[in-house]
K.L.:
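Sharing a structure, written as structure tokens. Questions coming.
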Amino acid sequence: MKILAVTACPVGIAHTYMAAENLQKAADQLGVQIKVETQGSTGVENALTDKDIQEADGIIIAADKSVPKERFAGKKVIVTGVQDGIRRPEELISKFQNGDIPVYKPEQRSIEDTKKERASKQNPIYRHLMNGVSYMIPFIVIGGLLIAIALTLGGEKTPGGIVIPEDSIWKTIESLGGAAFTFMIPILAGFIAVSIADRPGLAPGMIGGFIAANGSFYGSEAGAGFIGGIIAGFLAGYVALAIKNIKVPKALQPIMPIIIIPIFASLIVGLAFIYIIGAPVAGIFEALTTWLAGMQGTSSILLAIILGAMISFDMGGPFNKVAFLFGSAMIVEGNYGIMGPIAVAICIPPIGMGLATFLNKKKYRKTEQEAGKAAFTMGLFGITEGAIPFAAQDPLRVIPSIMVGSMVGSVIAMIGNVGDRVAHGGPIVAVLGAVDNVVMFFIAAIVGVFVTAIMVNFLKKNVDVDQAPSVEPQVAEENKVKQIHKLTDIISIDLIDVNLQGTSRDSVIDELIGKLDRNGVLDSKDVFKQAIMNREKETTTGLGMNIAIPHGKSKAVREPAVVFGLKRDGVDWHSLDGTDAKIIFMIAVPEESAGNEHLKILQMLSRKLMDDSFRNELLSVQSNEEAYKLLEKIH
């Protein structure tokens with residue numbers, strides 16, 4: 001008999017590999033062939049191949065996070081928690097020998113899977129939104145950079161704006177960039193819907209996104225922009241999910257995900273946008289245009305504030321387009337002083353966010369830092385959409401910041417009599433000579449950019465849990481290049497205590513954190529303890545078999561480290577098997593760790609702790625030095 005298994009836990013440090021080890025040991029004892037795929041912090045390891053799945057007699061999924069199951073369709077599948085993989089591996093494998101296991105059918109499990117995923121996440125709305133944003137980003141980058149290249153190398157200034165000759169290769173490149181932009185909103189909406197309702201949500205989401213971006217469906221020149229795409233994506237996803245929950249005869253189940261759900265969800269979303277959502281929005285934008293036209297000449301500063309806010313609020317969406325079209329109309333009437341502030345405001349969101357990622361990289365993930373480079377470049381060419389990835393991920397901090405920056409820049413441009421004779425924005429128009437009062441143009445843009453960058457970084461700092469002092473540059477650089485080959489690379493004799501004194505879980509945690517702090521591993525004991533306790537709230541790190549592995553990831557950690565302690569009479573760690581924790585390893589990991597070598601070592605540790613003889617050896621050591629020599633075996 002051949003059994004396959006997948007183990008996974010939300011953190012992916014210990015439980016994942018302990019379950020894998022115990023399943024392997026149980027299979028060996030029962031004379032069953034097994035292959036275990038682990039989905040841990042370092043990614044998928046020992047991946048199951050199509051051939052493995054085809055030859056398998058059954059699959060065990062021992063996981064506390066969502067694991068895609070479509071590849072196991074038609075196979076006998078047990079789905080359980082990772083703790084069962086650790087505590088009951090023989091029982092799980094024996095079920096296949098008894099033969100009483102249901103065959104997995106995707107159409108029967110998808111609703112349950114979706115409910116489980118939604119219940120297990122604290123913020124499903126954010127998760128669905130991020131799924132759409134991650135697929136949308138490449139289209140923004142490709143479209144923006146191609147258009148920017150075409151404008152720079154092939155653009156010519158004309159009274160109607162920057163124009164690329166029709167017979168030029170740059171026109172073709174511009175068209176390619178424009179094509180990428182046309183996919184942006186449908187992709188965003190489509191993959192938001194996929195995150196909510198799985199594949200049946202894709203078509204309704206993309207169709208809804210296309211309608212949101214194309215105002216001709218409901219009589220609007222501006223369309224609903226990326227905000228409309230978000231609305232369409234969520235609407236399509238939840239409509240598709242609701243249809244999936246409808247009980248239908250078994251004969252209809254196979255065609256539900258490919259015919260019935262997409263068709264009905266697309267109809268509902270499309271008609272809702274055309275007849276309910278889109279038309280009223282179009283009327284609002286038309287009224288805005290009329291209102292703005294009535295303001296010119298009466299309150300130029302207020303007008304500049306409003307235009308700056310509209311340009312940056314939805315970054316290429318309907319508010320942006322209304323303000324832009326208003327500025328373009330004023331050019332036709334010979335009034336260039338309206339388009340000047342708009343041209344400044346257009347470039348501030350992307351350049352400001354790009355600068356923010358340069359000024360304080362600790363506030364942004366590596367992917368966001370790369371997006372910042374692209375946004376900065378796109379801003380130079382007046383492409384406001386470069387800021388969309390940041391706004392979509394963190395709208396409550398990013399949108400107010402870019403709006404304030406754009407308003408400041410717009411007001412300065414208005415006071416400085418900046419004019420723009422072409423219907424475009426960004427430094428590119430100044431370089432091409434289309435701007436009146438170039439000096440004030442750049443002053444306005446630079447001030448607005450810095451306002452945005454400083455404000456958004458200030459706001460992000462306020463929401464960080466960690467307020468610890470910065471790590472010294474020399475130490476940070478060391479962390480980036482430090483290679484870890486064995487457990488004793490991140491543990492020392494000074495980080496070992498074979499006679500812990502604490503009498504409760506929390507007092508033992510404090511004792512171990514104190515050792516880390518005294519050895520210079522931490523910047524802040526309180527911040528790191530909060531990370532440890534947050535992890536304990538998710539689920540106990542008492543793994544059973546007298547083992548506990550508390551762990552925390554925090555900016556308060558200077559470098560990866562492990563502290564080991566023995567509590568010989570045990571302490572209650574709320575372990576699922578009821579045993580007290582006697583063998584305790586505390587793991588400290590920097591929040592932005594440069595590598596995953598330490599995680600690999602900890603995987604080996606987790607596996608090793610499943611060895612009864614090794615645990616007994618640990619419990620019998622009498623000195624810190626003796627424990628250190630034993631831990632040297634982990635490599």
Side-chain angles (χ1 to χ4, degrees), residues 65-71 106 110-111 113-118 120-144 179-214 223-245 256-259 261-270 272-273 277 314-317 365 367-368 370-371 374-375 385-395 398:
K65 70 175 187 177
S66 175
V67 174
K69 306 172 187 64
E70 288 77 8
R71 54 181 170 160
S110 57
I111 295 174
D113 292 346
T114 303
K115 288 181 178 179
K116 182 179 178 181
E117 287 178 20
R118 292 177 61 197
S120 65
K121 300 294 182 179
Q122 292 183 346
N123 193 343
I125 299 298
Y126 181 80
R127 176 166 48 90
H128 301 324
L129 179 60
M130 289 305 97
N131 191 65
V133 170
S134 66
Y135 283 97
M136 176 185 70
I137 287 174
F139 292 86
I140 297 176
V141 174
I142 292 170
F181 268 147
T182 62
F183 286 102
M184 181 178 70
I185 304 303
I187 289 292
L188 171 66
F191 282 94
I192 288 174
V194 166
S195 180
I196 297 169
D198 212 338
R199 293 185 207 176
L202 180 62
M206 293 192 70
I207 291 170
F210 177 78
I211 293 172
N214 192 337
F226 92 95
I227 293 176
I230 291 174
I231 295 171
F234 278 102
L235 180 62
Y238 285 114
V239 167
L241 187 60
I243 298 174
K244 285 175 67 175
N245 281 307
M256 284 289 288
I258 59 174
I259 298 177
I261 296 174
I263 288 178
F264 281 96
S266 298
L267 277 172
I268 292 170
V269 173
F273 236 96
I277 301 172
D314 56 0
M315 295 147 286
R365 302 182 187 92
T367 53
E368 291 176 312
E370 293 303 315
E385 286 86 349
I388 288 178
F390 298 96
Q393 289 189 61
D394 194 2
V398 171

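Numbers here are sequence positions counted from 1.
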K.L.:
Atom CD1 in I196, atom OH in Y238: separation rounded to 0.5 Å?
P.N.:
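So the CD1 of I196 and the OH of Y238 are separated by 4.5 Å.
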K.L.:
What is the minimum heavy-atom distance between I207 and S266, and which atoms define it?
P.N.:
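Between these two residues, the closest heavy atoms are CD1-OG, 3.5 Å.
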K.L.:
Do the side chains of R199 and V194 get nearer than 4.5 Å, heavy atoms only?
P.N.:
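Sidechains of R199 and V194: no contact.
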K.L.:
For a quick test of reading the model, state the closest non-hydrogen atom pair linking A189 to G229 and the distance between them.
P.N.:
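Reported closest heavy-atom pair: CB-O, 3.2 Å.
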K.L.:
Taking all atoms of both residues into account, what is the closest heavy-atom pair of A236 and V269, and its distance?
P.N.:
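Here A236 and V269 meet closest at CA-CG2, 3.4 Å.
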K.L.:
Output the distance between atom CD1 (I192) and atom CD1 (I231), rounded to the nearest 0.5 Å.
P.N.:
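The CD1 atom of I192 sits 10.0 Å away from the CD1 atom of I231.
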K.L.:
Do you know the tightest heavy-atom contact between I187 and Y135?
P.N.:
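In terms of heavy atoms, the two residues are closest at CG2-O, 3.5 Å.
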K.L.:
Which pair of non-hydrogen atoms, one from A240 and one from A197, has the smallest distance, and what is that distance?
P.N.:
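Minimum heavy-atom separation between A240 and A197: CB-CB, 3.7 Å.
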K.L.:
What's the shortest heavy-atom distance between I243 and M256, and which atoms?
P.N.:
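Looks like O-CE, 3.8 Å.
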K.L.:
State whether the side chain of T182 and the backbone N or O of A179 hold a donor-acceptor pair below 3.5 Å, judged by distance alone.
P.N.:
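Between the backbone of A179 and the side chain of T182 there is a qualifying donor-acceptor contact (under 3.5 Å).
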K.L.:
Excluding sequence neighbours, so at least two apart, what forms side-chain contact (heavy atoms from CB on, under 4.5 Å) with I258?
P.N.:
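I258 satisfies side-chain contact (heavy atoms from CB on, under 4.5 Å) with no other residue.
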K.L.:
If you measure from CE on M206 to CD1 on I185, what distance do you get to the nearest 0.5 Å?
P.N.:
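CD1 of I185 is found 11.5 Å from CE of M206.
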